[in-house]
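Counting convention: from 1, in listed order, for ligands and their atoms alike.
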Amino acid sequence: MDPDSTLCYCFHISKRKVVNFTRQRLPKRASQLSECFGAGTGCGWCVPLLIRIHEEIVGNAAVESDDVTAEEYEAMRARYRADVASGTRKRNQYGDGGTKAAP
Ligand code: FES
């Protein structure tokens, strides 16, 4: 994923926007990233990635490059949403660390 790829599809928020928000505000909890235009408060798909970004920035680690393309990330979200809709997967939420690792 490049920095301008969409990270949160529900609210059309780019990875760059979330990273910059996190660097500027240094929120104490990942759930405070929801203050960045509602990131993570829709379907929940992006919550594990938001948590990872928060840990990397607030923990002063380098933001890792993603090993998935924007297209792969979008396809993974489509599968996530289908699984949540069919009841085979729990919806990701802040506070539970996300139920599955995001890319
Ligand atoms: S993709 Fe971020 S809440 Fe749905």
Distance in Å, Arg77 CZ paired with Thr6 OG1, rounded so as to fall on 0.5 Å steps: 9.5 Å

Pro3 and Lys17, any side-chain heavy atoms less than 4.5 Å apart: no

For atom 4 (Fe) of ligand 1, every protein N/O/S atom that sits closer than 2.8 Å, waters excluded: Cys10 SG, Cys43 SG

Pair Val18-Ile53, side chain to side chain contact (heavy atoms under 4.5 Å, CB included): steps then yes or no: CA-CA 8 Å; Val18 170; Ile53 288 171; 4.3 Å; yes

Tyr9 (side chain) donor-acceptor with Ala78 (main chain) under 3.5 angstrom: no

Side-chain donor or acceptor of Ser5 paired with backbone N/O of Met1 under 3.5 Å: no

Can you list, pair by pair, the side-chain donor-acceptor contacts under 3.5 Å of residues 31-44, counting residues two or more places apart and other chains?
| residue | atom | partner | partner atom | Å |
| --- | --- | --- | --- | --- |
| Gln32 | OE1 | Lys28 | N | 2.8 |
| Gln32 | OE1 | Arg29 | N | 2.8 |
| Ser34 | OG | Ser31 | O | 2.8 |
| Thr41 | OG1 | Gly38 | O | 2.6 |

